[in-house]
Every structure is written in structure tokens, then in C-alpha cells.
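Read the structure below first, then the notes.
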Amino acid sequence: MNKLNEILQKKFGHASFRDGQQEIIEQMIDGKDVIAILPTGMGKSLLYQLPAYLMEGTVIIVSPLLSLMQDQVEQLKIIGEKRVIAINSFLPFQERELAIRHLADFKFIFTSPEMLQNEQFNRALKNLSIAYVVADEAHCISQWGFDFRPDYLRISNWLHSLNDVNVLALTATATKDVVEDIKNTLRMNNPFEYIHSLDRAAIAYEMVEVENQQEKMNWILGRVTSTEGPGIIYTQSRKKTEVYAAMLREQGISIAYYHAKMEQSDRILIQQQFQQGQLDWICATNAFGMGIHKDNIGQIIHDHIPSSVAGYMQEVGRAARDGKQAIASLLYTSTDVEHTFYVAMQDFPEEQDIHIAYQPEYAEVEQAETTTRILAYWKERLNEQETIQLFKQIKQKKWQDIQSFYSMIQNDTCIRRQLLHYFDQTLLEKPAHCCSKCRLDVTSVLRKRKDEKNNQDRLNWKNRLNILLPS
DNA sequence: CGGTTTCCTAGTATTAGGAAACCGGTGCTATACT
């Protein structure tokens with residue numbers, strides 16, 4: 001038995017590798033940069049965890065969310081790894097100081113892109129032997145770096161200051177453009193690319209045009225009260241998550257709402273309840289979903305045009321991880337495109353904001369916090385005209401992203417085929433239940449889903465009874 | 001930009017109709033204050 005398989009079995013308790021895992025790990029051990037695009041639930045964490053045990057030094061994992069870091073720290077502790085820590089604002093100040101003074105004691109350090117800019121932390125990192133750096137959910141670099149969280153772009157200089165250690169980028173969805181952004185920002189040198197098919201054959205796509213907002217509400221009411229969960233309803237405003245949830249709760253549905261303006265502790269609680277099956281439905285903004293562990297999600301409902309095909313893929317990709325029949329439904333009206341664009345643009349720096357940012361008395365001007373931070377980043381790198389040009393381009397691209405989703409649902413081509421095409425992938429085999437462009441029989445999809453779920457429930461009960469009453 | 005809600009007015013019945021106001025996603029960290 002080779003070394004990799006031995007560690008896989010002894011340390012991680014798996015009999016064999018899944019698609020691509022061994023290849024990727026071997027490349028990393030050989031000292032190559034790797035970019036791996038594979039669906040959630042395909043064993044991404046193993047890719048950065050396993051090679052750590054065959055290499056000298058510490059692994060630094062850059063992660064977008066505090067909750068994700070917490071979660072992954074716990075996962076490692078479960079398999080008996082004690083040399084693991086998340087260095088972020090959640091860690092009490094004195095503990096952080098202590099940890100930074102003893103970085104070499106850790107095998108895995110999780111942190112945020114923002115924290116990488118912390119001087120004290122950086123000084124300590126420069127004296128640390130680093131095995132490799134991992135960018136988890138690497139599409140965030142492209143999705144957030146330019147106009148939301150500039151520290152994602154600062155990773156570039158940070159890596160340079162570490163003499164360009166090896167990098168592993170992990171994500172579930174990335175278009176060619178996003179891959180380019182990732183490679184550039186992470187200064188990847190001729191990386192090994194592993195790209196798994198993004199198609200989930202078990203998801204049927206249903207696109208429904210309606211007349212107005214009221215119809216969306218009625219549709220959701222009808223669907224959720226007459227079919228099986230668990231499911232996620234994605235909407236575009238925080239208020240609406242609460243309104244829908246209240247409406248469905250009144251009908252006896254087990255549902256909670258979720259959005260970014262909630263207390264962090266409530267968010268964690270709701271996510272856990274959903275994962276453990278105590279809640280059937282979540283009604284959420286796009287704040288919900290990253291890092292969720294649940295393989296039996298059967299329905300994803302959108303009540304709007306999403307702001308990009310990539311974003312939509314991430315959201316529907318949370319369904320059918322168990323391979324059982326699922327359905328993704330999207331409700332839209334002809335005016336949704338403008339609305340989505342407006343929502344995407346509301347904190348976006350306009351020409352006037354940029355102009356102001358370049359004035360000497362800028363310090364006294366009040367701007368949205370995000371705008372100030374973003375412009376501070378670009379001000380260090382570009383002149384006024386260049387920044388204005390850049391943001392025109394970004395705005396243009398955001399408009400195109402929304403448009404490409406809208407044109408996808410308006411033409412006659414298969415949705416599944418188009419979704420994959422957007423990621424430069426081709427559809428190999430079309431499932432029986434495909435999409436509304438392929439004569440989708442929604443009733444039989446829902447029936448199949450119900451049957452599969454009932455079978456599963458029966459099985460679960462049987463297993464439980466067997467444990468309680470061994471024969 | 002578009003929808004929904006609130007407000008105003010006319011003019012007397014309590015309400016119709018239209019204008020105006022309001023509202024709309026994503027997260028980190030540092031710091032001050034409870």
C-alpha cells in the first residue's frame with residue numbers, strides 16, 4: 001500500500017480516493033500550484049488536509065467566512081488534529097497574541113484575507129515554514145475582490161512577500177474569467193487544473209414567468225404547502241425573507257428566515273437546525289449557503305432573476321448532493337432584470353464618488369463604508385481616470401452577467417446545456433427530467449422526489465429500529 | 001428602475017384616486033461602549 005492510501009485510511013477513515021483527489025494531492029506534493037473546481041460534497045477539504053501530513057511546515061487556509069473557519073477547525077479536531085487554529089476577530093485578543101507568537105505549533109491555520117494585512121501576523125508568518133497556502137471558495141477573489149472586499153486582491157502582494165509559496169485554489173464554480181482572476185491574484189505559475197463536471201443530473205430546472213409579485217407569492221405558497229422539503233427559497237430582500245417565512249409558517253410549514261442583518265448567533269442556530277432536519281425550509285438572501293453540510297436538499301426556489309449564472313449555479317448546486325431527484329424552480333417577471341441590476345448597483349461607486357475620493361479634502365467626505373474601503377484600494381494603484389474606467393467596465397460586466405441569465409431563460413435551448421456551456425463544459429448525457437425547455441413534467445418530478453424521499457425515510461426508520469431492537 | 005406603501009385631498013359617504021415617499025445583497029476588523 002502506498003503512503004497516500006495509508007494516510008487516507010488511517011487518518012481519514014476512507015477506503016479509497018474519489019475522482020481526482022489522488023492526482024491533485026500528488027501534484028501538490030510535487031510542488032505544483034493547483035486549481036481544483038469540483039462540486040461541494042466531492043471531498044474538497046481532503047485535498048488540503050491530507051498532503052499536510054506528507055509535507056513539512058504549516059498550511060495556511062484563507063477562507064471567506066468566520067463560520068466556515070470555525071466549522072473546518074472542528075472537522076479537523078474530530079479526526080484528532082489538535083494543531084489547528086482560526087486566527088480572526090472571533091479569537092479573543094490575548095489568545096490571538098499568544099497564537100501569533102507560536103505559529104509554528106500549528107499544522108493548520110485558518111484566516112481571512114483581511115487578517116493577512118495585519119502587520120504583527122505578517123511578521124510572524126515570514127518566519128514560519130509554510131507548506132502551502134489554500135484559497136478556499138476561491139471564486140470569492142473574483143466575485144468580491146474588485147468591489148466589495150479588496151483584501152482579496154491584496155492576497156497577490158502578500159503571496160509575493162512570502163516568496164510565492166505554493167498555492168491550492170478550491171472552488172465549486174468558476175468560469176474561464178474567474179479562473180483567470182484566480183490565477184492572476186494567486187500568482188499561480190503554470191498550475192495543474194482539475195475541473196470536474198458541474199452538472200447535477202438529479203436537478204430538474206423549472207423556469208416560470210409570472211405577471212407580478214403577488215403571483216410569485218401565491219406560487220410559492222402553493223408549491224411549498226403541497227410538496228416535500230427540505231428546500232431553500234432565495235429572495236432578494238431581507239424583508240421578503242421574513243414575509244415569506246411568516247406566510248408559510250402560518251400554513252404550518254417548518255421554516256425560518258436567514259439574512260446578513262441577523263445576529264451571528266441566530267444565523268448559526270438556524271443553519272444548524274436546517275442541517276439537522278429540525279427545519280424543512282429556509283427562506284434566505286444570498287447570504288445563505290456557503291459551507292452548508294446537507295446532502296438531501298430537494299428544492300431550490302428563486303423568486304427573482306439572480307445577478308449572475310455563476311451565482312445561480314452556486315445556489316442550485318446546494319441541492320441533490322445525495323443524487324436523489326431534486327427540482328430548482330425560478331419565478332420571474334419581465335421587469336426583474338432592471339430590479340436585480342439596481343440591487344447589485346446600490347452601493348457601487350459612481351463616477352462622482354470616485355472623483356470625490358481623489359480630492360485632497362476627501363478625508364472629511366462621508367461615503368458608504370464599503371465605497372471608502374474599495375476606493376482606498378484602487379487609489380493606491382490607479383489614477384482617477386483609470387479608476388473611473390475600471391468601474392465603468394465592472395458595471396458593464398455586471399449588466400452583462402444579469403443579461404446572460406435572462407437570455408438563457410428566454411431562448412429555446414436546454415437550460416442544463418446552457419448552464420454548462422457558460423462554464424465551458426458540455427453535457428454528456430441528458431437526464432429524463434431535464435428542464436422546462438425540454439418538456440419537463442413537473443408533476444412526475446415531484447412524484448419521483450416524494451417516492452425517493454419516502455423510501456429514504458423508511459430506510460432511516462428501519463436502521464434506527466435495528467439499532468434499538470437488534471434481532 | 002420598479003413595486004409597494006403612505007399620504008393627501010376633495011368634499012361629506014366614508015372612500016376613490018393620484019402623488020409622493022420609501023425601499024431594495026454579499027463580510028471582514030477595529031474600536032468604543034455596555
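In what follows, chains carry the letters A, B, and so on, assigned in the order in which the sequence lines appear, proteins first and then strands, with residues in each chain numbered from 1. The model shown is predicted, which means the values in this text are computed figures rather than measured ones.
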With both distances under 3.5 angstrom, what nucleotide forms a Watson-Crick or G-U wobble pair with [N]?
N	result
B:dC33	none
B:dA19	B:dT6
B:dT12	none

Next item on the list: Classify the side chain of A:T370 versus the base of B:dG27 as yes if they form a donor-acceptor pair under 3.5 Å and no if they do not.
Entry: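 Such a pair is found, so the answer is yes.
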
In whole angstrom, give the distance that lies between atom [atom1] of [X] and atom [atom2] of [N].
X	N	atom1	atom2	value
A:I402	B:dC1	CD1	P	14 Å
A:L68	B:dT26	CG	P	17 Å
A:F90	B:dC28	CZ	P	11 Å
A:F121	B:dT29	CZ	P	10 Å
A:Y332	B:dG2	OH	P	17 Å
A:L153	B:dG27	CG	P	18 Å
A:Q213	B:dC23	CD	P	18 Å
A:I305	B:dG3	CD1	P	13 Å

Checklist line | Stacked pair A:F341-B:dC1, distance under 5.5 Å, angle under 30° | finding: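 It does not: the two rings, one from A:F341 and one from B:dC1, miss the stacking criterion.
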
Can you tell me which nucleotide in [options] comes closest to the side chain of [X]?
X	options	value
A:R96	B:dA30, B:dG24, B:dT29	B:dA30
A:Y342	B:dG25, B:dC1, B:dT29	B:dC1
A:D347	B:dT26, B:dC1, B:dC28	B:dT26
A:S89	B:dG2, B:dG27, B:dT29	B:dT29
A:E369	B:dG27, B:dT26, B:dC28	B:dG27
A:E114	B:dT29, B:dC1, B:dG25	B:dT29

Next item on the list: Would you please confirm or rule out a distance under 4.0 Å between OP1 or OP2 of B:dG25 and any side-chain N or O of A:S307?
Entry: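 Answer is no, no contact under 4.0 Å.
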
Check: Do A:M207 and A:Y205 have side chains that get closer than 4.5 Å, going by heavy atoms?
Finding: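 With C-beta onward as the side chain, the pair touches.
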
Next item on the list: Return yes if some donor-acceptor pair links the side-chain N/O of A:K44 with the main-chain N/O of A:L38 below 3.5 Å, else return no.
Entry: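 At least one qualifying donor-acceptor pair exists.
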
Notebook entry, point to check: Where do A:K392 and A:E350 land on the salt bridge (charged side-chain N to carboxylate O under 4.0 Å, His left out) test, with the steps shown first?
Noted result: CA-CA 9 Å; A:K392 269 189 187 158; A:E350 294 293 335; over 6 Å; no

For [N] versus [M], give the span between their [atom1] atoms, rounded off to a whole number of Å.
N	M	atom1	result
B:dA16	B:dT12	P	15 Å
B:dG25	B:dT4	P	16 Å
B:dC22	B:dT29	P	35 Å
B:dA13	B:dT9	C1'	15 Å
B:dT14	B:dC8	C1'	16 Å

Sugar-phosphate, base or nothing in reach of [X], heavy atoms under 4.0 Å:
X	result
A:D151	nothing
A:R238	sugar-phosphate
A:Q236	sugar-phosphate
A:Q314	nothing
A:P64	sugar-phosphate
A:N88	sugar-phosphate

Margin query: Walk me through whether A:L186 and A:I155 qualify under side chain to side chain contact (heavy atoms under 4.5 Å, CB included).
Written below: CA-CA 7 Å; A:L186 300 182; A:I155 292 177; 3.8 Å; yes

Notebook entry, point to check: Looking at A:L65, A:V62, A:L68, A:T173, which one forms a side-chain contact (heavy atoms from CB on, under 4.5 Å) with A:E137?
Noted result: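 Passing option: A:L68.
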
Checklist line | Identified side-chain contact (heavy atoms from CB on, under 4.5 Å) partner of A:T111 from the options A:L125, A:I60, A:L91 | finding: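 Result for side-chain contact (heavy atoms from CB on, under 4.5 Å) with A:T111: A:I60.
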
Note to self: On DNA chain B, compare the nucleotides closest to A:N212 and A:R373; which residue's is nearer the 5' end?
What the structure shows: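 The answer here is A:N212.
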
Check: Start at the 5' end of DNA chain B and walk down; is the nucleotide closest to A:S237 or to A:Q264 reached first?
Finding: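 Of the two residues, A:S237 wins.
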
Next item on the list: Take A:K216 and A:D303 through the salt bridge (charged side-chain N to carboxylate O under 4.0 Å, His left out) test and state the conclusion after the steps.
Entry: CA-CA 7 Å; A:K216 290 178 178 174; A:D303 81 332; 5.3 Å; no

